[in-house]
Structure formats: structure tokens, C-alpha cells
Amino acid sequence: MIPVVDFTPYCLENKREEADPEQIKSLANQICNAFTDVGFVYLKHHGIPKSKVDGIFSLSKEFFQKPVEIKEKYAKSSHHDVMNNRGWVALEKELLNPERPADPKEAFNYQLIDDKETLPNDILPSFQGVYSDFYKHCQELVCRVLDLMSMGLNIDTDYFRKCHSLIGKEGNPTTLRSLYYPPLNNGVKPGQIRCGEHTDYGTVTLLFQDEIGGLEVKPAGSDYIPARPIPDTVLVNLGDKMQRWTADKLVATKHRVLIPEEEIKKNQGRQSFAFFVHPDDHVMIECLDNSNKYEPVSSKHYLNMRFAATYL
Ligand SMILES: O=C(O)CCC(=O)C(=O)O
Ligand SMILES: [Fe+2]
């Protein structure tokens with residue numbers, strides 16, 4: 001149900017200018033169709049090397065396995081401003097579905113902006129290098145996905161890319177987030193799941209998950225379906241800002257992460273990485289079809305509203 005699309009024609013290993021126009025157009029349509037129907041698509045042959053993905057997963061695991069007293073040194077500030085979103089988030093601090101207990105997960109938020117305070121370089125010397133390198137790969141892949149989305153929507157090919165020109169800089173809150181769902185040997189609260197039902201807030205999200213599974217997606221008119229880990233793919237999903245921008249032509253689909261039923265898997269931690277993409281702060285999210293279905297809102301204001309409802 002969630003399509004797997006072969007990204008070869010626009011793969012990061014090849015120069016953008018050398019891409020074949022016909023193949024690109026077909027890829028653009030496949031991606032837009034997926035975002036119109038399910039809001040999720042798997043990309044294979046995307047070009048982010050497997051060694052980089054494996055490397056950041058294992059580095060991140062090392063961090064999460066440190067004692068809480070150590071991790072607290074790198075904690076995210078409790079002011080939920082979008083540009084104050086860097087660092088470690090402790091267990092059960094986020095309510096993605098307010099009707100459930102808080103999510104039993106930890107996170108580490110990284111933005112490319114130079115800020116050594118929240119980076120654990122002193123205990124993991126390769127941290128900044130590995131995270132910045134991975135961030136840049138995600139950024140390049142996302143810009144290419146945005147090109148294809150513009151093409152698929154028949155607007156200027158660089159329209160969305162231009163609206164995201166500050167990714168990695170002051171003025172754009174795009175965040176690489178490492179998620180860690182610890183083993184659940186000690187039981188769970190009634191109604192608790194690993195990550196509560198939600199839609200993402202931004203324009204698009206890249207998601208890399210390990211082999212544990214549990215992610216589910218709820219396409220319109222259907223029940224939740226699993227979004228199983230498929231090795232060497234990246235899952236891309238659409239967020240609320242893009243749904244609003246396209247006046248509901250493309251859909252931001254609800255998703256969640258369940259606790260595995262098998263005892264063995266329950267007792268294993270789960271890891272994922274999300275690259276949450278946002279337009280530059282000043283960009284106005286205004287219905288592209290001129291329908292005015294949603295009031296224009298600045299990218300920054302919209303995100304601050306959503307954050308206020310998420311954190312405990
Ligand atoms: O961990 C996952 O697989 C998904 C997490 C997620 O959807 C999110 O943090 O927005
Ligand atoms: Fe999400």
C-alpha cells in the first residue's frame with residue numbers, strides 16, 4: 001500500500017544537471033501520486049551510503065546507553081522556541097497523542113548550526129562530524145525530493161527548494177532527530193504506545209528505522225497499516241505544512257509506533273532517525289491554488305503553535 005519508488009534517476013550519486021528529463025518527470029509523478037494517496041513513500045537507491053546510516057545509528061546508540069546524569073549535560077532547553085530545539089530530550093517528555101500517556105522514548109535533536117553546548121563531543125569525539133555529515137546528506141536528498149514535488153505539482157522546479165534555502169542555517173528549524181525507544185521489560189502504562197498518533201508538522205520528513213518495526217500509518221478511509229522496515233530504503237512522508245500549502249491535494253497522514261507483541265522484541269530497544277524539514281521561518285504558507293482554503297501563516301508561527309501543544 002505504501003509504494004516503493006526507485007530513486008535512481010535522481011540519486012545523490014549522480015549530478016542533478018545530468019538527470020534525464022523524462023525519467024525525472026516520471027519519478028516526480030510517482031512521488032506526487034504517493035503523497036496524494038497515502039502521504040508516505042519508500043525510496044530505494046536514494047544514494048545516502050549504507051555505511052553512513054549504519055554509522056550514525058551505532059553512534060547514537062552509544063549516546064543513549066550512557067547514564068541519565070551524563071545525558072542531562074546535553075539536555076534541550078525547556079523553552080520550546082523552534083530555534084531552541086537542540087539537545088537531548090528525556091524519557092516520557094512528549095505527548096504526541098494527548099489522550100495517551102507520554103511516549104516512552106528519548107530523543108536527540110541536532111541542527112547544523114554551530115552550537116557546541118548541546119553536543120556530546122567530549123564523550124563521543126566523532127559526534128559532531130558524523131551528525132553534520134549525515135545532516136548534509138539528508139538536506140541534499142530532501143532538496144531533490146522537493147524539486148520533484150514542484151515538478152509533479154506543475155510549479156517552478158526550484159520553487160520549494162528556494163523556500164527551504166536556509167536549511168542548516170539560522171532562520172530555518174530543520175532538525176535531524178535521533179529517537180531511542182528503550183526496552184520495555186518493566187511494563188507499560190495502560191494505553192501507552194511507543195509513539196502516539198500524530199501527523200508531522202513540517203513539509204516533509206525522511207525516516208530511517210532499524211529492523212524492529214512497529215511503525216504504522218493510517219491512510220484515509222483505511223485502518224492502520226504497518227510501514228515495515230525495508231532495508232536500504234528511506235521512508236519519506238508529508239507533513240502538515242505541505243498539506244496546508246497544497247490545499248489538501250497532498251496529504252499528511254497520521255502514524256504511530258506500537259509496542260511489539262512478541263516478548264523478545266518488546267525487550268529490545270528500537271531506534272530511528274527522522275529528518276524533519278521546514279521552510280525558512282519567514283516563508284508564508286499560503287494555498288498554492290489560490291483557494292484560500294487555509295489562512296496564510298508564517299512557517300515559524302505555525303511551528304511554534306504546534307510545539308506548544310506537544311511538550312510536557
Ligand atoms: O520512530 C519512528 O519510526 C517514527 C517517529 C515519528 O513519527 C516522529 O517522531 O515524528
Ligand atoms: Fe512522525
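Read the numbers this way: they start at 1 and go in the same order the structure lists the ligands and their atoms.
In terms of protein heavy-atom proximity, atom 5 (C) of ligand 1 is nearest to Y181 OH, 3.5 Å.
Using modelled atom types, no side-chain atom of R177 and backbone atom of A274 make a donor-acceptor pair closer than 3.5 Å. Of the possible polar contacts, one joining the R270 side chain to the G213 backbone as a donor-acceptor pair under 3.5 Å is found.
Counting heavy atoms only, R270 comes closest to atom 2 (C) of ligand 1 of the residues R177, R270, R194, R256.
The ring of F127 has its center no closer than 6.0 angstrom to the ring center of Y74. Note: Y131 and F63 fail the aromatic proximity criterion, with ring centroids not under 6.0 Å apart.
Between W245 and F160, the ring-plane angle classifies as tilted under the 30° and 60° cut-offs. Ring geometry for Y180 against F64 counts as parallel: the plane angle stays under 30°, on a 0 to 90° scale with 60° as the upper cut.
Distances from ligand 1 to the non-hydrogen atoms of H255 include at least one value under 4.0 Å.
Per-residue contacts place H198 under 4.0 angstrom from the following atoms of ligand 1 (heavy atoms of the residue considered): 6 (C), 7 (O), 8 (C), 10 (O). Every atom of ligand 1 is numbered from 1 in the order shown, and the set under 4.0 Å from a heavy atom of F276 is 8 (C), 9 (O), 10 (O). For ligand 1, the atoms closer than 4.0 angstrom to any heavy atom of L179 are 1 (O), 5 (C), 9 (O). Those atoms of ligand 1 that come under 4.0 Å of a heavy atom in V257, given as number and element, are 1 (O), 2 (C), 3 (O), 4 (C).
The only member of Q243, H164, R244 that meets side chain to side chain donor-acceptor pair (under 3.5 Å) when paired with T203 is H164.
When only interatomic distances are considered, the shortest N/O to N/O separation between D200 and ligand 1 falls below 3.5 Å.
The proximity of T205 to ligand 1, defined as any non-hydrogen pair under 4.0 Å, does not occur for either the backbone or the side chain. Neither the backbone nor the side chain of A274 comes within 4.0 Å of ligand 1, counting heavy atoms alone.
Minimum-distance N/O/S atom of D200 relative to the Fe ion (ligand 2): OD1.
With 2.8 Å as the limit, H255 counts as an N, O or S neighbour of the Fe ion (ligand 2).
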Run T174 and V142 through side-chain contact (heavy atoms from CB on, under 4.5 Å) and show every step you take. CA-CA 11 Å; T174 297; V142 154; over 6 Å; no
